[in-house]
Amino acid sequence: MERNDLYQFSNSFRANSSSRWRDSGGYNVFSKSQREQENEDEEDLKWTAIERLPSVRKGLVTTSDGKTANVDITKLGPEQMKHLMDRLIKHAEKDNESFLLKVRERLDRQEILLSAVSLADLVGIEIPKLEVRFEHLKVKAEAYIGSRALPSFFNFFINYLESILYGLHLLSSRKKHLSILRDVSGIIRPCRMTLLLGPPSSGKTTLLLALAGKLDRDLEFSGRVTYNGHEMDDFVPQRTAAYIGQHDVHIPEMTVRETIAFSARCQGVGPRFEMLAELSKREKAANITPEPDIDVFMKATSVAGKETSVLTDYILKILGLETCADTMVGNELIRGVSGGQKKRVTTGEMLAGPAKLLLMDEISTGLDSSTTYQIVKSLRQFVHILNGTAFISLLQPAPETYDLFDDIILLSDGQIVYQGPREHVLEFFESMGFKCPTRKGVADFLQEVTSRKDQRQYWTQADKDYSFVTVEQFVEAFQSFHVGKGLQNDLATPFIKNERDTQLLTTKNFGVRKMELLKVCFSKEMLLMKRNSFLYIFKLVQLLVMAVIGSTVFLRTEMHKGTPTDGIIQTGAVFFSVFMIMFNGLAEISMVVFKLPVFFKQRDSLFYPAWAYAIPTCLLKIPISFLEVGLWVVMTYYPMGMDPSIIRFLKQLLLLLLLNQMSSALFRLIAAVGREMTVTSTLSAFFLLVLFANCGYILSR
């Protein structure tokens with residue numbers, strides 16, 4: 001269904017709804033059957049109940065047995081949310097479009113109120129739009145080329161030494177300048193699906209990262225990127241735009257539902273709550289009653305901080321993840337979802353936020369063509385009906401998926417060859433002498449027509465000798481093409497700013513309050529500790545076994561302390577305790593290293609600050625330290641013949657507890673600095689050798 005057809009259907013839907021509301025008062029009830037009259041009376045009772053609800057946090061919910069009840073939206077349970085989504089969307093392929101049209105119909109609804117002076121009141125709320133412009137964008141990088149770029153042992157030390165000398169201005173850099181994007185300009189328009197095509201290494205990922213404000217700091221960037229006419233320094237682009245990368249980085253111990261729900265809790269609801277409050281206020285003033293299920297859904301998606309959200313269930317349904325919602329994501333060591341499902345989890349993780357701009361990089365990797373088509377179709381419905389903006393990069397989309405897009409941007413060698421409506425892209429290349437064969441996919445043709453290897457087969461001007469057309473020639477020809485001229489005129493026209501569109505530009509770094517973020521991170525860390533309970537139980541059993549062995553080796557209930565030998569034995573028992581407590585914290589390294597990629601991704605997406613991630617990790621390990629150290633001291637202190645004084649007992653307990661905390665913190669620091677298992681293992685072994693060599697027992701004074 002095309003966009004115009006969507007709006008025609010939406011307008012007819014609203015017209016029928018409005019006529020029903022206007023004509024309900026004068027309708028002849030005696031012409032209806034008794035069954036119809038009872039149904040109308042039941043609907044009237046529902047609408048009356050909704051009108052009496054005190055705030056946007058109350059809603060009229062239909063239970064599984066068909067009864068209705070006024071409930072607090074913040075207290076909706078998982079079963080109630082599931083029943084709600086089943087009533088709204090039974091089949092994602094068929095019902096998602098009509099559901100979104102109902103939401104749009106409520107936002108756009110207009111009701112004429114005839115008063116004594118014949119005034120009209122407008123109830124509808126305009127959905128803000130987001131337009132992105134980029135002008136003269138250039139991105140350059142410095143890198144070694146040839147044999148110097150190989151990751152060899154010799155190159156590592158030579159490159160490191162050279163970087164130090166270059167920092168001291170004693171040597172010039174041997175790196176070469178590489179242009180990734182070369183003076184590109186364009187517009188990502190709202191309410192339209194834009195497809196980014198191009199061969200590998202053409203700069204697609206760099207362009208998406210530049211628009212999302214996530215470029216690497218080592219890259220040299222110049223140019224101008226604006227959202228609704230505002231510079232990127234005026235707002236927080238990482239939260240205004242949702243960038244979905246190529247790599248599927250998730251916590252393997254969390255389920256699909258928990259992953260998306262955690263993302264939703266961190267990102268918040270954005271301006272949805274304020275918009276719904278204003279809409280409810282206008283509806284109440286105009287005496288308009290919304291459809292109960294749509295009203296509950298919109299209110300539930302506007303409530304922040306809930307552990308489970310109806311928005312999570314909606315995303316699971318439209319992405320086809322309901323069957324694996326309660327399955328762990330998994331990794332190479334933990335059995336989990338498939339690669340295609342994991343790719344959809346990556347997409348759903350960012351869709352759970354309030355961002356209206358979607359920047360998607362190769363979301364079809366690992367997906368079959370039918371699943372890709374269904375996901376893109378759902379995104380198209382969201383963009384067209386709810387005024388979203390989507391810029392999606394696909395490598396080789398199927399023809400039916402390609403036809404879902406409105407605009408095409410073709411990128412090659414860091415330059416934009418074509419940008420404009422999908423209908424004119426073949427016309428442009430035909431004007432250059434290249435024609436897409438009938439049985440050839442248009443997307444494949446566009447990615448091959450700029451290639452030196454494949455370009456010749458599409459040449460159709462038999463009266464002219466073929467010569468390779470470079471990317472620069474294509475770019476120059478596009479400037480004189482009518483679509484290119486229109487794009488230049490649009491870029492030359494300044495964006496007209498208005499207050500409504502600025503609502504989408506987020507100026508806060510995080511979506512919810514900092515204490516709420518801390519609470520969310522605490523709950524996630526508690527969940528991971530439960531999922532990794534085997535590790536903690538194994539560590540306790542290990543300590544228990546070693547405590548029994550240590551107690552029997554140093555079994556000295558009446559140990560004499562009058563000779564140097566007795567002192568060495570006594571000190572050896574203490575050193576053995578220190579040694580075991582130190583090594584018990586070594587497991588922190590692997591746990592931290594495996595979670596670091598997820599932390600960096602979520603931190604860079606401004607899910608939470610670094611301290612909100614670190615504090616729960618440290619505090620929740622304190623009870624475990626008490627348990628481990630307490631078990632060790634109780635099992636070894638008196639059997640090893642230590643001083644029976646309770647004060648000495650508590651002192652050793654306190655010292656070993658602090659030692660356990662120190663070792664855990666030390667190994668977490670090593671893991672955070674090393675970021676890779678080989679490096680962290682080497683560093684941890686080095687630090688342990690330094691600590692043991694200087695403890696005063698192995699090497700005596």
Side-chain angles (χ1 to χ4, degrees), residues 132-143 145 175-188 194-211 215 219-225 391 393-396 407-436 440 442-492:
V132 181
R133 298 189 181 193
F134 51 98
E135 302 175 52
H136 307 293
L137 211 61
K138 298 179 182 179
V139 178
K140 297 181 180 180
E142 289 186 350
I145 61 175
K175 295 181 178 179
K176 304 297 182 182
H177 287 273
L178 302 176
S179 294
I180 303 176
L181 294 179
R182 307 176 183 180
D183 195 18
V184 297
S185 301
I187 302 176
I188 311 300
T194 304
L195 173 63
L196 178 60
L197 288 175
S201 302
S202 58
K204 301 190 297 293
T205 299
T206 303
L207 177 59
L208 290 170
L209 289 172
L211 298 183
L215 272 181
L219 297 177
E220 182 181 339
F221 171 80
S222 64
R224 185 167 178 257
V225 178
F391 190 26
S393 166
L394 297 177
L395 185 59
Q396 289 180 314
D407 295 330
I408 303 296
I409 292 182
L410 179 59
L411 197 65
S412 182
D413 292 340
Q415 301 179 77
I416 292 182
V417 176
Y418 176 86
Q419 178 186 353
R422 172 174 51 86
E423 296 79 9
H424 299 302
V425 63
L426 293 181
E427 177 188 348
F428 166 68
F429 284 101
E430 287 175 1
S431 67
M432 297 289 294
F434 301 96
K435 186 175 181 179
C436 178
K440 183 75 173 181
V442 180
D444 295 335
F445 163 75
L446 294 178
Q447 294 183 116
E448 294 176 358
V449 73
T450 59
S451 170
R452 185 178 293 273
K453 294 181 180 179
D454 304 312
Q455 188 184 91
R456 186 184 185 91
Q457 61 180 315
Y458 302 117
W459 181 256
T460 58
Q461 296 183 0
D463 55 334
K464 296 181 181 179
D465 293 334
Y466 165 77
S467 61
F468 176 69
V469 181
T470 63
V471 174
E472 289 76 12
Q473 291 174 306
F474 277 121
V475 173
E476 184 179 353
F478 179 68
Q479 302 301 323
S480 58
F481 190 61
H482 67 90
V483 176
K485 292 180 179 178
L487 178 62
Q488 294 176 28
N489 294 333
D490 291 342
L491 287 171

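Counting begins at 1 with the first residue of the sequence.
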Student: If you compare all heavy atoms of Tyr418 against all heavy atoms of Val425, which two are closest, and at what distance to 0.1 Å?
Tutor: OH-N, 3.5 Å
Student: Closest heavy-atom contact between Ala210 and Phe221?
Tutor: CB-CE1, 4.3 Å
Student: Return yes when atom CD of Glu476 has more than 12 non-hydrogen atoms of other residues, nucleotides or ligands closer than 6.0 Å, and no otherwise.
Tutor: no
Student: Closest approach of Val483 and Gly420, non-hydrogen atoms and distance?
Tutor: CG1-CA, 3.8 Å
Student: Suppose we screen for side-chain contact (heavy atoms from CB on, under 4.5 Å). Which residues come up paired with Lys435, at least two apart in sequence or across chains?
Tutor: Glu430, Thr460
Student: Just by modelled atom types, is the Lys485 backbone N or O under 3.5 Å from a matching donor or acceptor in the Asn489 side chain?
Tutor: yes
Student: Apply side-chain contact (heavy atoms from CB on, under 4.5 Å) to the pair Ile408 and Leu446, showing each step before the final yes or no.
Tutor: CA-CA 10 Å; Ile408 303 296; Leu446 294 178; 4.2 Å; yes
Student: Measure from the side-chain N and O atoms of Arg133 to the backbone N and O of Asp490, and report whether any donor-acceptor pair falls under 3.5 Å.
Tutor: yes
Student: With rounding to the nearest 0.5 Å, note down the distance linking NZ in Lys138 to CG in Leu219.
Tutor: 15.5 Å
Student: Is the backbone of Thr450 close enough, under 3.5 Å, to the side chain of Ser412 for a donor and an acceptor to pair up by distance?
Tutor: no
Student: Taking atom OG1 of Thr205 and atom CG of Leu209, what is their separation to the nearest 0.5 Å?
Tutor: 6.5 Å
Student: Taking atom NZ as the centre, does Lys440 end up with more than 12 heavy-atom neighbours from other residues, nucleotides or ligands that are less than 6.0 angstrom away?
Tutor: yes
Student: Would you say the side chain of Val139 lies within less than 4.5 Å of the side chain of Leu207, judging by non-hydrogen atoms?
Tutor: no
Student: Any side-chain heavy atom of Tyr458 sitting closer than 4.5 Å to one from Phe429?
Tutor: no
Student: Any non-hydrogen side-chain atom of Leu197 less than 4.5 Å from a side-chain atom of Leu411?
Tutor: no
Student: Does some side-chain heavy atom of Leu195 sit less than 4.5 Å from a side-chain heavy atom of Phe391?
Tutor: no
Student: Within the distance-only criterion (no hydrogens, no angle test), does the side chain of Gln447 pair as donor or acceptor with the backbone N or O of Leu395 below 3.5 angstrom?
Tutor: yes
Student: So Ser185 and Ile416, side-chain contact (heavy atoms from CB on, under 4.5 Å) or not? Walk me through it.
Tutor: CA-CA 8 Å; Ser185 301; Ile416 292 182; over 6 Å; no
Student: Could I get the full list of side-chain contact (heavy atoms from CB on, under 4.5 Å) partners for Ala143, not counting sequence neighbours?
Tutor: Leu178
Student: Can you list the residues that meet the side-chain hydrogen bond (donor to acceptor under 3.5 Å, both in side chains) rule with Glu472, with sequence neighbours excluded?
Tutor: Gln415
Student: Determine which pairs satisfy side-chain hydrogen bond (donor to acceptor under 3.5 Å, both in side chains) with at least one residue from residues 194-204, sequence neighbours left out, and list them in order.
Tutor: none
Student: In Å, rounded to the nearest 0.5 Å, how long is the span from NE2 of His136 to CG of Leu181?
Tutor: 14.0 Å
Student: I'd like to check the ring pair (Phe, Tyr, Trp, His ring centres under 6.0 Å) partners of Phe481; sequence neighbours left out, ordered by chain and number.
Tutor: Phe428
Student: For Arg182, check side-chain hydrogen bond (donor to acceptor under 3.5 Å, both in side chains) against everything at least two apart and list the hits.
Tutor: none
Student: Taking only residues two or more places apart in sequence or in another chain, which ones pass side-chain hydrogen bond (donor to acceptor under 3.5 Å, both in side chains) with Asp413?
Tutor: none
Student: Take Gln488 and Gln479, measure what side-chain contact (heavy atoms from CB on, under 4.5 Å) needs, and give me the verdict at the end.
Tutor: CA-CA 8 Å; Gln488 294 176 28; Gln479 302 301 323; 2.4 Å; yes
Student: Using side-chain heavy atoms (C-beta onward) and a distance below 4.5 Å, is Asp183 in contact with Leu137?
Tutor: no
Student: For Phe434, what residues pass the ring pair (Phe, Tyr, Trp, His ring centres under 6.0 Å) criterion, not counting sequence neighbours?
Tutor: Trp459, Phe474
Student: Could you work out, with ring pair (Phe, Tyr, Trp, His ring centres under 6.0 Å) as the rule, every residue matching His424, not counting sequence neighbours?
Tutor: His482
Student: Looking at residues at least two apart in the chain, or sitting in another chain, which of them share a side-chain hydrogen bond (donor to acceptor under 3.5 Å, both in side chains) with Asp454?
Tutor: none
Student: How would you list, by chain and number, every residue that makes a side-chain contact (heavy atoms from CB on, under 4.5 Å) with Arg456, sequence neighbours excluded?
Tutor: Tyr466
Student: Find the distance between CG (Leu196) and CG (Asp407) and round it off to the nearest 0.5 Å.
Tutor: 12.0 Å
Student: The criterion is side-chain contact (heavy atoms from CB on, under 4.5 Å); which residues satisfy it with Lys140, sequence neighbours excluded?
Tutor: Ser179, Glu220
Student: Locate the shortest heavy-atom distance separating Val184 from Phe134; write the atom from each residue and the value.
Tutor: O-CD1, 3.8 Å
Student: Would you confirm whether Gln419, through its side chain, and Ile187, through its main-chain N or O, come within 3.5 Å as a donor-acceptor pair?
Tutor: yes
